[in-house]
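Below is one structure, written out as structure tokens; comments come after it.
Values in this document were obtained by computation on a predicted structure and should not be read as measured data. Residue numbers run from 1 in the order of the sequence given.
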Amino acid sequence: DIQDSDLDPLRNTVTVSGQSVTTVPQTAEDAASATLRLVTGDLLLTKTADRATARVGDPVTYTLTVQNFSATDEITNITVTDPLYGTAPLCTIASLAPGATSGPCMFAHPVSQADPSPLVNQAFAQGTQNGVIVRDTATHTLEIVTPGLSVTKTANPAVARFGQEV
């Protein structure tokens, strides 16, 4: 069950392990994950960027929009904040009608050497619906590419049995 304390996005990972019945037992293990966006109330914040990768010095333009999922109730006094933009609200929306999507809130962030790679950034939206505070978050991950040497490693074959040479 989804709990109020669950983070958005909610990431769930399952790990499976087993042991073969061969004379010399072999152990195998694998994992898989799924990610689920969580929406509280009828407010949905979406965050996109004009690129998935960047280098130090590149400007990255972020676009945030807010959507009201309600069929009947408006959401008022919406503020959108993003730590990459600063402490002041990126934009404010006085009222968002039922079923409506806001215009874009946009800003550019120049990638700096101080930015971690990947740059995982979360934005926040908050408004009021029928006297109740509604919130949502949206995250974007930017891979920062550093010039120089890069290495790629692949296995051949990609799947192997115990004892098989790779």
Side-chain angles (χ1 to χ4, degrees), residues 2-15 29-70 74-97 99-129 132-159 166:
I2 304 297
Q3 304 296 317
D4 286 341
S5 59
D6 289 332
L7 298 176
D8 180 29
L10 177 64
R11 184 171 175 86
N12 181 265
T13 302
V14 62
T15 303
E29 189 172 294
D30 197 10
S33 296
T35 301
L36 173 69
R37 283 289 322 267
L38 302 177
V39 177
T40 60
D42 293 319
L43 181 70
L44 174 67
L45 177 64
T46 303
K47 180 176 185 175
T48 59
D50 64 344
R51 60 181 69 206
T53 62
R55 294 183 177 189
V56 171
D58 288 347
V60 179
T61 301
Y62 290 97
T63 303
L64 294 98
T65 57
V66 178
Q67 184 177 355
N68 180 352
F69 277 138
S70 175
E74 72 177 356
I75 300 175
T76 59
N77 302 318
I78 301 167
T79 58
V80 177
T81 57
D82 190 311
L84 280 181
Y85 179 73
T87 56
L90 172 60
C91 62
T92 57
I93 303 161
S95 177
L96 193 58
T101 299
S102 71
C105 301
M106 299 174 72
F107 72 98
H109 172 73
V111 176
S112 74
Q113 288 182 337
D115 289 330
S117 181
L119 175 56
V120 180
N121 175 251
Q122 190 171 44
F124 306 89
Q126 177 176 304
T128 304
Q129 183 179 32
V132 177
I133 300 293
V134 290
R135 296 180 179 96
D136 195 27
T137 61
T139 303
H140 181 269
T141 301
L142 177 72
E143 292 296 331
I144 299 176
V145 180
T146 55
L149 185 65
S150 76
V151 174
T152 302
K153 182 177 184 176
T154 58
N156 186 10
V159 177
V166 180

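- Among residue pairs with one or both ends in residues 105-114, none qualify as salt bridge (Lys or Arg N to Asp or Glu O under 4.0 Å); sequence neighbours excluded.
- Evaluated for a side chain to side chain contact (heavy atoms under 4.5 Å, CB included) with Thr48, the options Thr65, Thr63, Leu64 yield exactly one hit, Thr63.
- Taking the side-chain contact (heavy atoms from CB on, under 4.5 Å) definition, one finds that Pro118 meets it with Val120, Thr141, Glu143, sequence neighbours left out.
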Distance-only check: which donor-acceptor pairs under 3.5 Å involve side-chain atoms of residues 77-87, not counting sequence neighbours?
unit_1	atom_1	unit_2	atom_2	d
Asp82	OD1	Leu84	N	2.9
Asp82	OD1	Asn121	ND2	3.3
Asp82	OD2	Lys47	NZ	2.6

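- Within the 4.5 Å cutoff, the side chain of Asn68 has no heavy atoms near those of the Leu43 side chain.
- Applying the side chain to side chain donor-acceptor pair (under 3.5 Å) test to Gln67 and every residue at least two apart in sequence or in another chain returns nothing.
- Two residues are said to be in side-chain contact when any heavy atoms from C-beta on lie closer than 4.5 Å; Leu45 and Thr137 fail this criterion.
- Glu74 is linked by a side-chain contact (heavy atoms from CB on, under 4.5 Å) to Thr76, Ser95, Pro98, counting only residues two or more places apart in sequence or in another chain.
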Under 3.5 Å, side-chain donor or acceptor atoms of residues 104-113 against the rest of the protein: list the pairs with distances, not counting sequence neighbours.
unit_1	atom_1	unit_2	atom_2	d
His109	NE2	Asp115	OD2	2.9
Ser112	OG	Ala114	N	3.3

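- The line from CD1 of Ile144 to CG of Leu142 is 5.5 Å long, rounded to the nearest 0.5 Å.
- By the side-chain contact (heavy atoms from CB on, under 4.5 Å) test, Val132 is found to be paired with no residue, residues two or more places apart in sequence or in another chain being considered.
- Of the options Thr46, Ile93, Ile75, a side chain to side chain contact (heavy atoms under 4.5 Å, CB included) to Ser102 is made by Ile93 and by none of the others.
- Here the straight-line distance linking atom OG1 of Thr101 with atom CG of Leu44 works out to 8.5 Å at 0.5 Å rounding.
- Under the salt bridge (Lys or Arg N to Asp or Glu O under 4.0 Å) criterion, the residue pairs touching residues 52-64 are Arg51-Asp58, with sequence neighbours excluded.
- Taking each heavy atom of Ser70 and Asp42 in turn, the nearest pair found is CB-OD2, 3.2 Å.
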Go through the steps for Val134 and Thr128 under the test side chain to side chain contact (heavy atoms under 4.5 Å, CB included), then give the verdict. CA-CA 6 Å; Val134 290; Thr128 304; over 6 Å; no
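- Remark: Ala100 engages Leu96, Ala97 in a side-chain contact (heavy atoms from CB on, under 4.5 Å) (not counting sequence neighbours).
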